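The sequence lines fix the lettering, A, B, ..., with proteins before strands; numbering per chain opens at 1. Both backbone and side-chain heavy atoms feed into the values below; hydrogens, waters and symmetry mates do not. Owing to the predicted nature of the structure, the values given are computational and were not obtained by experimental measurement.
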Amino acid sequence: MNKKIVIKTLEKIALYLELQGENPFKVSAFRKAANALELDERSLSEIDDITKLKGIGKGTAAVINELIETGESSQLKELEDAVPKGLIPLLKLPGLGGKKLAKLYSELGIDSAESLRAACEAKEIQKLAGFGPKSEEKILKELEQLGNRSERLPIWYLQQIVIDIEELLKTIPEVQKFSVAGSFRRVNEMSKDIDFIVATEQPEKIKEQLLEELSVKEVVAAGDTKISVVLDIEDVVNVDFRLVSLAEFATALHHFTGSKDHNVRMRQLAKEQGKKISEYGVEQPDGTVLTFDSEEQFFAHFNLPFIPPTVRESGKELERLDELNNLVTLEAIVSDLHMHTTWSDGAHTVKEMGEALIKRGYTHGVITDHSQYLKVANGLTPERLEKQRLEIYSFNEAHPNFRLFAGTEMDILPNATLDFEDDVLKELDFVIASIHSSFSQPQEKIMERLYTAIQNPYVHMIAHPTGRIIGQRDGYNPDIPQLIKWAAQFGKILELNASPYRLDLCIEHLMMAMEYNVPIAINTDAHAIEQLLFMEIGTKYAQKAWVKKDLVVNTWSVKQFETFIQQNK
DNA sequence: GCCGTTTTCGGCCCGACTGTTTTCAGTCG
């Protein structure tokens, strides 16, 4: 029995129980059990006594064991018989939860979007206790939008909106301090909405200005401390603003940064000490409420080091405190090993890119323009590559305290050959190989291409190994565990491409690479100077996978880097 | 449903907002 199926089944049971209006704690017990399984690294067969896992007891273990033995769950079957499937999508309607849907089903027999709409139109809903004309109206309105509303939006799309809102907040004089929070601050690939914390003494003024200045499609809530709006940009985006006092800012920021599981863990910890955490501060055993100047101080109050937002996920981060010091940070980065110039499809010259790297405080970098196969990107022939190399070396002469290396981002061709001969490659300092074509080949062919590249003695790194674009395309579906093993075998680097469109390798694969001690290079793949900023998102993303600083090639000194690349010659 | 030696029962993170009420339940994050 596959673990994923067990997890899915437990979650499904939770969903159906919720639709029956069951005790919310019982519902969440099934979700917790699913979560406990997910967080445990072992496969099902490796776990001898499942009830030893925290969160799995007699009831949920019975479900799991039945699944293992028979492949089915009788409890789920019973639930499926008792609760119509059509109710499940209705849980997505804002304002309708399990209890209300259970009531609609038991009193009016509502079991689908269609019957719900009919009941609204017949004005049956408002007759029920707990419902009224407004609920009915709202349900009708939400039904119209069901399916239209985008579920989760990718980080590269939300980033621009966040920047725009930040610019707006800077112009409002009554704003004392602000920060984005939520999953965006934790650098999740996708987020359902954007959260902002704003410190102010005049919430009503802020509310006024925000509602006026933003392109608001719909106001979901507008209270004294919380404003929730739907913005109408290309896609509709939910944005929540929490208005707090300056004193409350740090705890509010922590609270609304989450994750939910992290907060639960923190609150348990507080409770063990007789304290109580809320967004407004930490209530002491004697009832007084402490506030903090920063999140650092908040954590210090619980004798914890600062836990970066990026790793605040499952709550397990509280057991990995000694690893926090080994996390890669932006400050530790001294190089960028993948960028383009006007020689191929970049916007800036070698000199401009080099100087931008110096300005960022780096000690070295590699220019890696596309190779000849990529005609649309003006890829370089061996002849042009040689000319470019001279330009790079003359840049180095003019900048003695910085080192620019000559490289290439060479295409791995559809027929599993490389775009340059070995005698061209051996002249280069650093060789990146990557796939930009024929994504839909079968996996064996893709792996044959990658193998050709990774076993070549002159190739140092495989860039954006899967070719995915977050939320848009999956890439070329390589067998990443195999690629990681090859990287370990041949001593090659794998890239974490820091472009917010890519973030490739993904977290799961980065973790796998860590197990095999495969070095990772976090690279911006910048096609313009401004994109060198992607390094920040890249390092934060790497933190989410607990990537160790020492295994990040960009933290290595020029000397260390040179030693590494010369081994491959 | 799960958990626990200060508990085998009574908690389960906590609070805002809304729409329904006339003091609160449900939903949401």
Side-chain angles (χ1 to χ4, degrees), chain A residues 10-11 13-14 16-36 50-64 75 79 90-104 125-139 142 181-186 191-197 203 207 219-229 238-244 248 251-252 254-272 274-283 289 315:
Chain A
L10 289 168
E11 281 167 353
I13 291 175
Y16 276 108
L17 289 173
E18 196 177 352
L19 283 171
Q20 283 193 322
E22 256 292 359
N23 173 2
F25 295 110
K26 184 170 170 180
V27 175
S28 86
F30 278 91
R31 298 216 162 100
K32 273 184 191 158
N35 199 240
I50 198 102
T51 56
K52 287 234 173 76
L53 284 181
K54 206 171 178 261
I56 296 180
K58 241 171 71 188
T60 46
V63 174
I64 296 168
Q75 187 174 1
L79 285 166
L90 299 184
L91 269 176
K92 291 210 178 104
L93 291 172
L96 284 186
K99 295 232 168 101
K100 286 194 168 171
L101 281 173
K103 186 156 203 174
L104 288 172
I125 307 273
Q126 53 175 293
K127 292 179 194 155
L128 293 180
F131 292 82
K134 276 201 175 168
S135 315
E136 202 171 72
E137 215 172 286
K138 194 173 170 215
I139 292 170
E142 295 295 347
S183 55
F184 184 87
R185 182 166 182 244
R186 302 200 312 275
S191 298
K192 178 157 86 24
D193 59 7
I194 304 174
D195 294 286
F196 271 96
I197 311 299
K207 181 159 123 183
V219 179
V220 182
D224 297 334
T225 63
K226 179 184 163 179
I227 303 165
S228 185
V229 294
N238 267 292
V239 186
D240 290 352
F241 296 89
R242 314 281 166 157
L243 311 179
V244 299
E248 294 159 349
T251 38
H254 175 263
H255 176 88
F256 289 109
T257 295
S259 68
K260 204 173 164 182
D261 290 337
H262 169 83
N263 286 355
V264 168
R265 185 72 192 83
M266 284 299 293
R267 291 197 147 124
Q268 283 168 349
L269 189 77
K271 217 174 155 181
E272 287 161 19
K275 298 168 185 167
K276 223 160 82 179
I277 297 175
S278 82
E279 54 261 57
Y280 301 111
V282 178
E283 192 182 315
V289 175

Residue list, salt bridge (charged side-chain N to carboxylate O under 4.0 Å, His left out) with Glu22(A), at least two apart or on another chain:
Lys26(A)

Please report the distance separating the C1' of dC17(B) from the corresponding atom of dC12(B), rounded so that it comes out in whole Å.
23 Å

Please state the C1' separation for the pair dT27(B) and dC13(B) - nearest whole angstrom.
16 Å

What integer number of Å spans the C1' atoms of dT7(B) and dC2(B)?
14 Å

Base, sugar-phosphate, or nothing for Leu96(A), non-hydrogen atoms under 4.0 angstrom?
sugar-phosphate

Which residues share a side chain to side chain contact (heavy atoms under 4.5 Å, CB included) with Lys275(A), sequence neighbours left out
Ala270(A), Gln273(A), Val282(A), Gln284(A), Pro285(A), His301(A), Phe302(A)

Whole-Å C1' distance, dG26(B) and dT21(B)
13 Å

Ring pair (Phe, Tyr, Trp, His ring centres under 6.0 Å) filter on Phe30(A), not counting sequence neighbours, yields none

What does Ile13(A) touch in the nucleic acid at a heavy-atom separation under 4.0 angstrom: a base, only the sugar-phosphate, or nothing?
nothing

Residue whose nearest DNA chain B nucleotide is more 5′ - Lys99(A) or Gly130(A)
Gly130(A)

What nucleic acid atoms does Lys138(A) come within less than 4.0 Å of, heavy atoms only: base, sugar-phosphate, or nothing?
nothing

Just call it for Leu91(A): base, sugar-phosphate, or nothing, with non-hydrogen atoms closer than 4.0 Å on any strand.
nothing

Is any NZ, NE, NH1 or NH2 atom of the basic residue among Lys226(A) and Glu279(A) found under 4.0 Å from an Asp or Glu carboxylate oxygen of the other?
no

When all nucleic acid strands are considered with a 4.0 Å heavy-atom cut-off, which category describes Ala222(A): base, sugar-phosphate, or nothing?
sugar-phosphate

The criterion is salt bridge (charged side-chain N to carboxylate O under 4.0 Å, His left out); which residues satisfy it with Lys127(A), sequence neighbours excluded?
Glu124(A)

Enter the distance from Asn35(A):CG to Leu10(A):CG here, rounded to the nearest 0.5 Å.
11.0 Å

Describe the nucleic acid contact of Gly258(A) in one word from base, sugar-phosphate, nothing, applying a heavy-atom distance below 4.0 Å.
nothing

Determine the Euclidean distance between corresponding C1' atoms of dT6(B) and dG1(B); express it in Å to zero decimal places.
24 Å

Not counting sequence neighbours, list each pair that qualifies as a salt bridge (charged side-chain N to carboxylate O under 4.0 Å, His left out) and has a residue in residues 255-271 of chain A.
Arg265(A)-Glu319(A)

Taking only the P atom of each, what is the distance from dG15(B) to dG10(B) in whole angstrom?
23 Å

Residues touching DNA chain B, which here means a heavy atom under 4.0 Å, drawn from residues 22-29 of chain A:
Asn23(A), Phe25(A), Lys26(A), Ala29(A)

Nearest 0.5 Å, what's the CZ-OG1 distance between Phe241(A) and Thr225(A)?
14.0 Å

Nucleotides bounding contact with chain A, strand DNA chain B, heavy-atom threshold 4.0 Å:
dG1(B) to dG29(B)

Which residues pass the ring pair (Phe, Tyr, Trp, His ring centres under 6.0 Å) test with Tyr16(A), sequence neighbours left out?
none

Who pairs with dT8(B) - Watson-Crick or G-U, where each distance is under 3.5 Å
none

Give one of base, sugar-phosphate or nothing for Phe131(A), where a contact means two heavy atoms less than 4.0 Å apart.
sugar-phosphate

Would you please name every residue forming a side chain to side chain contact (heavy atoms under 4.5 Å, CB included) with Ser183(A), sequence neighbours left out?
Arg186(A), Asn188(A), Ser191(A)

Result for 5'-nearest mapping on DNA chain B, choosing between Lys32(A) and Val220(A), is Lys32(A)

P atom, dC9(B) versus dC14(B): distance in rounded Å?
24 Å

